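Report on the structure given below.
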Amino acid sequence: QVQLVESGGGSVQAGGSLRLSCAASAYTASSNCMAWFRQAPGREREAVAAIYRPFSATVVTTSLKGRFTVSQDNAKTTVYLQMTNLNTEDTAMYYCAAGRSPGTYCPAWTSKDEYMYWGQGTQVTVSS
């Protein structure tokens with residue numbers, strides 16, 4: 001069992017930055033792929049970014065490239081989501097998820113079904 005705890009959310013003005021953290025209770029083969037999702041009110045949960053932990057191979061959804069970056073610490077215990085130049089459309093609950101990838105990257109990273117473990121979420125609110 002892997003527990004995920006997100007932190008770092010909050011309120012920020014448009015143009016500002018936030019860094020979210022996701023602390024994982026363990027680094028296991030069943031959690032070698034970790035991702036960030038977000039869900040705004042009335043909308044479906046959408047994939048934001050993912051990292052294949054053994055190689056630190058990262059991917060960010062196309063529309064957020066250049067503003068969002070995913071990374072992890074050297075101990076591979078915490079995954080980060082750095083968000084810059086935030087706008088009101090980034091307002092959402094942000095969730096961390098972990099699952100097992102059989103390969104050397106996270107091939108189906110945008111699918112919620114690929115993740116066995118989920119955090120409780122951290123709220124990000126961007127005001128204009």
Side-chain angles (χ1 to χ4, degrees):
Q1 190 79 0
V2 177
Q3 294 180 329
L4 305 174
V5 179
E6 302 100 331
S7 61
S11 297
V12 63
Q13 288 192 325
S17 301
L18 281 174
R19 188 176 78 160
L20 306 183
S21 300
C22 175
S25 61
Y27 174 41
T28 67
S30 65
S31 62
N32 59 8
C33 182
M34 289 184 66
W36 287 96
F37 284 75
R38 68 183 184 182
Q39 187 166 19
R43 302 185 66 174
E44 291 195 6
R45 193 170 297 190
E46 62 174 352
V48 173
I51 183 166
Y52 180 68
R53 298 166 80 188
F55 298 158
S56 294
T58 63
V59 61
V60 177
T61 197
T62 301
S63 62
L64 298 176
K65 283 182 180 177
R67 296 197 300 120
F68 286 24
T69 304
V70 61
S71 63
Q72 65 180 344
D73 65 342
N74 290 336
K76 296 183 172 60
T77 59
T78 303
V79 171
Y80 304 101
L81 181 68
Q82 179 68 49
M83 307 183 293
T84 63
N85 195 20
L86 287 161
N87 59 62
T88 55
E89 294 188 353
D90 296 317
T91 295
M93 185 71 80
Y94 283 72
Y95 297 91
C96 177
R100 181 181 181 276
S101 169
T104 57
Y105 64 107
C106 301
W109 71 277
T110 61
S111 172
K112 296 185 291 293
D113 294 337
E114 293 298 307
Y115 301 94
M116 185 181 304
Y117 307 106
W118 290 84
Q120 81 289 350
T122 186
Q123 177 68 38
V124 172
T125 302
V126 184
S127 59
S128 59

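Just so you know, residue 1 is the first one in the sequence shown, and it goes up from there. Please read all numbers here as calculations on a predicted model, not as lab measurements.
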Measure the spacing between [atom1] of [X] and [atom2] of [Y] and express it to the nearest 0.5 Å.
X: R67; Y: T69; atom1: CZ; atom2: OG1; answer: 10.5 Å
X: Y94; Y: S7; atom1: OH; atom2: OG; answer: 15.0 Å
X: W36; Y: L20; atom1: CH2; atom2: CG; answer: 4.5 Å
X: T88; Y: D90; atom1: OG1; atom2: CG; answer: 8.0 Å
X: S17; Y: L86; atom1: OG; atom2: CG; answer: 6.0 Å

Identify every side-chain donor-acceptor pair in residues 95-110 under 3.5 Å, counting partners at least two apart or on other chains, and give the distances.
residue, atom, partner, partner atom, Å
S101, OG, G103, N, 3.3
S101, OG, Y105, O, 2.3

Could you report the tightest heavy-atom contact between [X] and [Y], atom names first, then the distance?
X: Y117; Y: L4; answer: O-CD1, 3.6 Å
X: M34; Y: V79; answer: SD-CG2, 3.6 Å
X: K112; Y: F37; answer: CG-CE2, 3.6 Å

Same apolar cluster: [X] and [Y], side chain cutoff 4.5 Å:
X: M93; Y: Y115; result: yes
X: M116; Y: V2; result: yes
X: I51; Y: W118; result: no

Query raised in the report: Side chains of D73 and Y80: closer than 4.5 Å at any heavy-atom pair?
Result: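 Contact flag for D73/Y80 side chains = yes.
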
Query - Selection residues 40-58 - residue pairs positive for side-chain hydrogen bond (donor to acceptor under 3.5 Å, both in side chains), sequence neighbours left out - result: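 Every side-chain hydrogen bond (donor to acceptor under 3.5 Å, both in side chains) pair that includes a residue of residues 40-58, provided the two are not neighbours, is S31-R53, R38-E46, Q39-R45, S56-Q72.
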
Query raised in the report: Just by distance, with hydrogens left out, do T61 and S63 show a side-chain donor and acceptor under 3.5 Å apart?
Result: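 There is no such pair (donor and acceptor under 3.5 Å, judged by atom type) between the side chains of T61 and S63.
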
Without placing hydrogens or testing angles, list every side-chain donor-acceptor pair under 3.5 Å for residues 121-128, not counting sequence neighbours.
residue, atom, partner, partner atom, Å
T122, OG1, G9, N, 3.1
Q123, NE2, A92, O, 3.4
Q123, NE2, T125, OG1, 3.4

